[in-house]
Amino acid sequence: MSQTLIRMKKSGRGQRHSAAWGKRLSIVVLLLVAEAAFAQDWAALSRPAGKFGRDLAPAVARAHQGTAANENVQVIVQYKDAPQSPQEGRVQRLGARLNHRLGMVKGIALTVPVSALPALEADPEIVSVSLDHPIKAMDDYTNAAMNVSAAWNSGYNGAGIGVAVIDSGINDSHPDLWDSTESYSRVLYHQDFTGTSVRNSYGRVVYDLFGHGTHVAGIVGGNGYLSNGRYPGVAPSVNLIDLRVLDANGSGSDSEVIAAIQQAIALKNTYNIRVINLSLGRGISEGYAQDPLCQAVESAWKSGIVVVTAAGNYGRISVSGSDGYGTVAAPGNDPLVITVGAMKSMNTFPRSDDQIASYSSKGPTTYDHVVKPDLVAPGNLVVSLDDHGSTLENLFPGNEVAGNNTNHDYFILSGTSMATPAAAGAVALQLQQHPSLTPDQVKARLMKTAYKTFPVSSTASDPTTGQTYTSYYDAFTVGAGYLDVQAALNNNDLAPATVGAAMSPKAVYNSSTKTTSLSNGNSTVAGSSVVWGSSVVWGTSVVWGANVSGSSVVWGTSVVWGSSTTTGFSVVWGSTTDLADSVVWGTAMLSADAALATVVGEQ
């Protein structure tokens, strides 16, 4: 891992070459989930027998059968106490290679021979062994939809707040990421956790090879310098901390993300890191309480950092008629963090005509049935910073948008990856106004003040295939509503400062009455969630809108609330014990390329 403190003076930045701007016909949506587990047995909240996660079961079987010669697997091993040299030496003698030390979760990330897995299970100091899952990365109208200008007019621009962008890196040479006088970069720190950094012909490190992280950083905190203010980010004076976990293809792993979160916590006081942006994710293979990635985001939350993460881009995938429900990605399934879905601005400034993006993932979460997403924000056809020469620019040159200099100044991307930094920027503005707010207080205020006026449903067509999708505006689709920065800054209600006070509730289905209700206290973090309780200020009707149960439009008549005899219902609620292995993620995993071709931006 390399780490560099960056505070560059304005000199020696090369000018970009001019190029013709092609038609903006190809709209990429970044895949947030390399793999997703959609419909798994709700009752199976704990690990299978032994210490191994269920997705390691095939490898463990090969180890016991003696058919795993020369086969390695990447795992995260968690101990009763944080492992030290003796524990590391013991696994290394088994042939393991140490990838990352993850003290935050009392673990280490290893590449280990499959044949050594039984020895790990026999080690009395080891609590669990989880697969080190692969992870993928998932404008002018954005700020108007969220009423950001009101914050700017009041003097709030994110100044002094540090936002850690855990992504593919940030190209800090883009002028929009410098200060208002163009004297120094606001990207104060770089660290690479992938081990894939390269240098350009001038010997300078190329911090973002993929292009996703730079685009995300621009949505959080670009200042619009190269567009005369047309394409600024939400918090244009915020400081950025670049923690790179995705390579040139947008790929990473659990352990790299956990290591980056760990470093963000370590740097919290140095750079006043108050927000972590995670525009990435993966499928869910176990309950959040057992998932090391979820444990990591909970540690950041407990340390006082607001974690904002993407819901996922799988809202169009209908498994046996499930209509995209149950497709929220990890770590967005954790009830502490703020999970964000994507809205479409419809190419207009007023938000009254905005619609949900049909690809935005919907709750409830796999295994735990947490009500997610928490909020929605603009994420479709978003114009932000272009990382010239990156993988994304080379793949989609038609997405380039000209600024003051060249066609390489800005770029269009779509997805919950883009909605997440819009929300992260809003959090930075809120913390600049009230630095003493805890993560739970920030989350509660954003959810309570969210715009809650929606249609019953809307339809969208895939511009590539012509297929039509219908979305319903229930709590599993839009959460508590559309993020409204002005309303949040004008609100003075204060939720309890207790960690877990604003946990997202669990949805509970009553098979006798065929009704669904919200249940608090669904986390090991806290015994109960008082924010969504019965108090006047934070009652469920205030947070979730006028109707949160029964036959109201909030709950709708979609398959989630249908009969337990329907296949789609069973997929979401996990009433079939072997559903997890038979529906989507059995032997044929959906590839990243397939999902990229399936999910595209919408008009």
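Because the structure is a prediction, the values reported are computed rather than measured.
If you check the side chains of Thr416 and Tyr359, you find no donor sitting under 3.5 Å from an acceptor. Asp132 and His100 are not linked by any side-chain donor-acceptor pair at a separation below 3.5 angstrom, with hydrogens and angles left out of the test. Using modelled atom types, one finds no donor on one side chain facing an acceptor on the other under 3.5 Å when comparing Gln290 with Tyr367. Side-chain polar atoms of Asp354 and Tyr451 form no donor-acceptor pair below 3.5 angstrom. For the residue pair Asp208 / Thr214, a side-chain donor-acceptor distance below 3.5 Å is found, with atom types taken as modelled. Between the side chains of Ser279 and Asp167, no donor-acceptor pair of N or O atoms lies under 3.5 Å.
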Exercise. Might you work through the side-chain contact (heavy atoms from CB on, under 4.5 Å) test for Glu286 and Ser130, ending with a clear yes or no?
Key: CA-CA 10 Å; Glu286 56 194 335; Ser130 303; 3.8 Å; yes
Quiz prompt | Evaluation steps, side-chain contact (heavy atoms from CB on, under 4.5 Å), between Ile356 and Phe454 | solution = CA-CA 9 Å; Ile356 190 70; Phe454 295 103; over 6 Å; no
Practice problem: Begin from the C-alpha positions of Leu375 and Ile338 and carry the test side-chain contact (heavy atoms from CB on, under 4.5 Å) through to its verdict. | Solution: CA-CA 8 Å; Leu375 295 163; Ile338 300 174; 4.0 Å; yes
Exercise. Determine, step by step, whether Tyr482 and Thr453 satisfy the side-chain hydrogen bond (donor to acceptor under 3.5 Å, both in side chains) criterion, reporting the C-alpha distance in whole Å, the side-chain angles of both residues, the deciding distance to 0.1 Å, and the verdict.
Key: CA-CA 9 Å; Tyr482 204 163; Thr453 302; over 6 Å; no
Quiz prompt | Steps toward side-chain contact (heavy atoms from CB on, under 4.5 Å) verdict (Asp440, Trp301) | solution = CA-CA 8 Å; Asp440 283 271; Trp301 192 272; 2.9 Å; yes
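Put simply, the side chain of Ser168 never gets that close to the backbone of Gly250: no donor and acceptor are under 3.5 Å apart. Proximity of a side-chain donor or acceptor of Lys443 to a complementary backbone N or O of Leu336 within less than 3.5 Å is detected. When atom types are taken as modelled, the side chain of Arg351 and the backbone of Met146 share no donor-acceptor pair closer than 3.5 angstrom. No donor-acceptor pair closer than 3.5 Å links the side chain of Asn380 to the backbone N or O of Met343. A distance-only check finds no donor-acceptor pair linking the side chain of Thr339 to the backbone of Ala311 [under 3.5 Å]. Between the side chain of Gln78 and the main chain of Lys106, no donor-acceptor pair closer than 3.5 Å is present. With hydrogens and angles disregarded, a donor-acceptor distance shorter than 3.5 Å links the side chain of Thr327 to the backbone of Gly324. A donor-acceptor contact shorter than 3.5 Å links the side chain of His215 to the backbone of Val382. A distance-only check finds a donor-acceptor pair linking the side chain of Arg445 to the backbone of Asn491 [under 3.5 Å]. The backbone N or O of Leu381 sits less than 3.5 Å from a side-chain atom of Ser414, completing a donor-acceptor pair.
Within the model, atoms OG of Ser303 and CD1 of Ile276 stand 7.0 Å from one another, a figure rounded to the nearest 0.5 Å. From Asp493, atom CG reaches atom CD of Gln441 across 11.5 Å, with rounding to the nearest 0.5 Å. Here the CG-CD1 distance, from Asn239 to Ile161, works out to 9.0 Å after rounding to the nearest 0.5 Å. For the atom pair Thr366 OG1 and Ile284 CD1, the distance stands at 4.5 Å (nearest 0.5 Å). To the nearest 0.5 Å, the span separating CG on Leu246 from OG1 on Thr194 amounts to 8.5 Å. Interatomic distance, Leu280 CG to Ser251 OG, rounded to the nearest 0.5 Å: 11.0 Å.
Considering every non-hydrogen atom in both Thr470 and Ser457, the closest pair reads CG2-CB, 4.3 Å. Of all heavy-atom pairs spanning Ala426 and Leu483, the tightest one is CB-CD2, 3.7 Å. The heavy-atom pair separating Thr449 from Asp484 by the smallest distance is O-CB, 3.8 Å. Taking each heavy atom of Trp152 and Asn157 in turn, the nearest pair found is CD1-CA, 4.5 Å. Lys452 and Val543 make their closest contact through NZ-O, 2.6 Å (heavy atoms, listed as atom of the first residue, atom of the second, distance). For the residue pair Pro373 and Val340, the shortest heavy atom distance occurs at CB-C, 4.2 Å.
At least one test fails for Lys362 against the ring of Phe476: distance under 6.0 Å to the centre or angle within 45° of the axis.
Within the 4.5 Å cutoff, the side chain of Leu437 has heavy atoms near those of the Leu494 side chain. Under the 4.5 Å side-chain criterion, counting only non-hydrogen atoms from C-beta, Val275 is in contact with Val308. Side-chain contact check for Ile261 versus Val297: some heavy-atom pair is nearer than 4.5 Å. Val337 has its side chain within reach of Lys372: a pair of non-hydrogen atoms, C-beta onward, lies under 4.5 Å apart. Side chains of Ser384 and Met418 form no contact here, defined as non-hydrogen atoms less than 4.5 Å apart. Using a 4.5 Å cut-off on side-chain heavy atoms (C-beta onward), Pro331 and Tyr288 make no contact. Taking 4.5 Å as the limit, some side-chain heavy atom of Tyr325 sits within range of a side-chain heavy atom of Thr477. By the 4.5 Å heavy-atom criterion applied to side chains, Val306 and Gln430 are not counted as neighbours.
Exactly one residue among Leu243, Ile170, Asp242, Leu240 makes a side chain to side chain contact (heavy atoms under 4.5 Å, CB included) with Tyr189. That residue is Leu243.
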